[in-house]
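Working notes, structure below.
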Protein chains: 2
Amino acid sequence: MQKNNTPKYQVLKAFIIEAIQSKQWLPHEVITSENVLAEQFTMSRHTVRQAIGQLTNEGWLYRVHGKGTFVQEQLPPARKTIGVITTYISDYIFPAIIRGIENVLSQNDCQLMLGCSNQQVDKERQCLESMRNQQVDGLIIEPAKSGMPNPNVDLIQKMIADGLPVLTLQACFDGLEHNYVILDDVQAGVTATKHLLDLGHRRIGGIFKADLAQGQLRYKGFMDAQTKVGISLAEERVVLFVGDETGKSIQTTQYETLLQNVTAVVCYNDLVAVKLMDIIKEKGLKIPEDISIVSFDDSQLATFSEVKLTSVAHPMEALGEKVASEMLSLLAGTKDVVHEKMLLKLIKRQSSKAIDERV
Amino acid sequence: MQKNNTPKYQVLKAFIIEAIQSKQWLPHEVITSENVLAEQFTMSRHTVRQAIGQLTNEGWLYRVHGKGTFVQEQLPPARKTIGVITTYISDYIFPAIIRGIENVLSQNDCQLMLGCSNQQVDKERQCLESMRNQQVDGLIIEPAKSGMPNPNVDLIQKMIADGLPVLTLQACFDGLEHNYVILDDVQAGVTATKHLLDLGHRRIGGIFKADLAQGQLRYKGFMDAQTKVGISLAEERVVLFVGDETGKSIQTTQYETLLQNVTAVVCYNDLVAVKLMDIIKEKGLKIPEDISIVSFDDSQLATFSEVKLTSVAHPMEALGEKVASEMLSLLAGTKDVVHEKMLLKLIKRQSSKAIDERV
DNA sequence: AATTATTTGTGCGTATGTATC
DNA sequence: AGATACATACGCACAAATAAT
């Protein structure tokens, strides 16, 4: 006869759990007493106590001295909580992204735990640590300072190793194999620049954020499109900046040099474009007659401005929905790897015009 | 000799916990074996096992078969998580409110769990249940459909009874004693209306949302200010609506009747005001020359519109910061009751003008 | 109000199995 | 292979809480 390896107390545990799950024993009902169980299962009371003790710790039962042991009410399985860490939460395109995520998650009975890095890696680490602590069931993160090496990769790696599904948004972590949903920012840069080339512009300027991957890639697209048609990149037509999203760090002289050498400008985002429009207006020039402008993101700003902006549309809410539903796939196990790159379309408005029609 | 009531295994447990807390026993170090402990404490090995078993369940120790029992690494105390349920999250003034909350919480080492009711009480209940389940440490909630009886009061009451600090935002739950940080919407209504009265207007119209407390109270202020100066409220000067925040449900004829009978209009919020301005413009009338408009909230819309809006400023971010810091006080125990009503100020812009200067 | 039966809580002794070094 | 550690298992005794008599 083969030896039975399952301990006696495990057998009893399985029996009790089955009785509870099959609703033979109902919540707050007294269960069979320790002595009776010992007799029924031909084991010592001590062994019965071991089984019941463990089930008590596991939340199946509770004991009352002198009365008996009772079935614990089973809490509904906790909703999954998805941690979301973005660089900003309440400005620009971010509310829309978060709305997209929230929509999909709440429709699928998941919860949203929100963190905000403010583009600071130390704040990002804080958020990561506390979410790891809180045992979120999935993590969606938009890397801070995505153009620079990120010191939090080690922590992310640990979390992935622990089996946590991790998805990055808008950018990737360098030197780490992971899931992502990003934008094809190179293609976006090409699209914006090609639009101006098609309109006949040949001296095209660019303003880009250098410390974010998004800025670097849009800049690459900006260059690629021009190289393809044989335009070499002139130093005086490019302004790179870091830090503040609106380009506060850009000097007035930089704007002036730029504007003297171009007929059109590709702007890193709508915020930069709006600021540039103000400067152009101050100089007495007109948009698009004197200078054409194309920007990225197509945020609210693009249509609120006096001259409505031609802009490469950021999917915003759709991106949020996409990343959230991919996260659900990862959680459900229907997907193992998510490598998504979204293509962007240009929205033509009033700020760009063919050069041969210029006054 | 007095009888010692503390069980032996409790004595051992206390000893072990003390050894860990005082760092005499360090994480992942082997502790004294069961047999030795039994000898040292003159108790049976079984009793030692009882103590160690419980400490294992409580996360102090872990056992490895054949090797020994080890000190479990103590996890840093989990950050407090504050649940926040608002009616919207990504539109209008809500991103700013949430930013305010997030600012204060993250500066105080707390986390934000976000839910969104979309002004639906069933969705609100879902959020409440899942947050209760997730054991948040505090709850900040903006009641949905605040002008109507709320079916979730029972659940909130249970959560309060469980000792959970609960704070409502912008509105209160009827028939429930609780903490709140709200706006003085009556005062806001008075302020808006008094501004128009001071400008000489005597036939003042109003558009208000009837299913939210905020709408009802602003309406009350609107009436109070006029009653005080002896103006009786005429039916044809008031439009009440429900549902969609922008007043989609308002009929064209309602707008026409209103505009024929007034020289100025108090609008429930900036969204309604912007829509009304479009209608006035379509009719060939001018703002503020023909019709003055005052609205509430002073959102981005107020300055993005062609004619910049005179609006009673919603504190937005400051409200978020206020409610978050009050929550921290409740958690710290430095406050028991929070009953805050914030006063609002009027921001004068171009949409309101004295009547005797009218063209 | 006191007694009694039942039930869980604490505690000891013993024996054997099994993993680790 | 043997020593040591934890794991499973049985048996017994008494304490303390509860409920019914």
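Sequence lines set the chain letters: A, B, ... in the order given, protein chains first and strands last, and positions in each chain run from 1. What you are looking at is a predicted structure, and each value in this text was computed from that prediction instead of being measured.
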(message) Can you confirm whether the side chains of A/Q54 and A/K13 place a donor and an acceptor under 3.5 Å from each other?
(response)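 Yes - a donor-acceptor pair under 3.5 Å links their side chains.
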(request) Would you please say whether a donor-acceptor pair under 3.5 Å links the side chains of A/E142 and A/T86? (result)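 Per modelled atom types, A/E142 and A/T86 side chains form no pair under 3.5 Å.
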Any side-chain heavy atom of [X] within less than 4.5 Å of one from [Y]?
X	Y	value
A/R49	A/R45	yes
A/D174	A/N150	no
A/N118	A/T87	no
B/V84	A/L114	no
A/T32	A/W25	yes
A/V181	A/L167	yes

Which whole-number value in Å describes the distance from [X] [atom1] to [N] [atom2]?
X	N	atom1	atom2	answer
B/I31	D/dT4	CD1	P	18 Å
A/L61	C/dG9	CG	C1'	16 Å
B/L37	D/dC6	CG	P	8 Å
A/R63	D/dA16	CZ	C1'	15 Å
B/E39	D/dA5	CD	P	11 Å
A/E34	C/dG9	CD	P	6 Å

(request) Among B/F41, B/Y9, B/W60, find the residue that satisfies the ring pair (Phe, Tyr, Trp, His ring centres under 6.0 Å) test when tested with B/F15. (result)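 By the ring pair (Phe, Tyr, Trp, His ring centres under 6.0 Å) criterion, B/F15 pairs with just one of B/F41, B/Y9, B/W60: B/F41.
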Under-3.5 Å N/O pairs linking protein and nucleotides 10-13 of chain C:
| unit_1 | atom_1 | unit_2 | atom_2 | d |
| --- | --- | --- | --- | --- |
| C/dT10 | OP1 | B/Y9 | OH | 2.5 |
| C/dT10 | OP2 | B/Y9 | OH | 3.2 |
| C/dG11 | OP1 | B/K8 | N | 2.3 |
| C/dG11 | OP2 | B/K8 | N | 3.1 |
| C/dG11 | OP2 | B/Y9 | N | 3.2 |
| C/dC12 | OP1 | B/K8 | NZ | 2.6 |
| C/dC12 | OP2 | B/S44 | N | 3.0 |
| C/dC12 | OP2 | B/S44 | OG | 3.3 |
| C/dC12 | OP2 | B/T47 | OG1 | 2.5 |

(message) Between B/K8 (side chain only) and B/T42 (backbone N and O only), is there a donor and an acceptor less than 3.5 Å apart?
(response) yes
When you compare the protein's N or O atoms with those of nucleotides 17-19 of chain D, which come within less than 3.5 Å of each other, and at what distance?
| unit_1 | atom_1 | unit_2 | atom_2 | d |
| --- | --- | --- | --- | --- |
| D/dA19 | OP1 | A/K67 | NZ | 3.4 |

(message) Base, sugar-phosphate or nothing for A/N35? Non-hydrogen atoms, less than 4.0 Å.
(response)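 Counting heavy atoms under 4.0 Å across all strands, the contact made by A/N35 includes a base.
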(request) Would you kindly compare B/S33 and A/V48 by the position of their nearest DNA chain D nucleotide and give the one closer to the 5′ end? (result)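 First, find each residue's nearest nucleotide; the 5'-ward one identifies B/S33.
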(request) Compute the angle between the rotation axes at the two ends of the helix from C/dA2-D/dT21 to C/dC21-D/dG2, each taken over five pairs, rounded to 10 degrees. (result)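 The value is 10°.
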(request) Carefully, step by step, assess A/Y180 and A/V338 under the rule side-chain contact (heavy atoms from CB on, under 4.5 Å). (result) CA-CA 6 Å; A/Y180 56 80; A/V338 177; over 6 Å; no
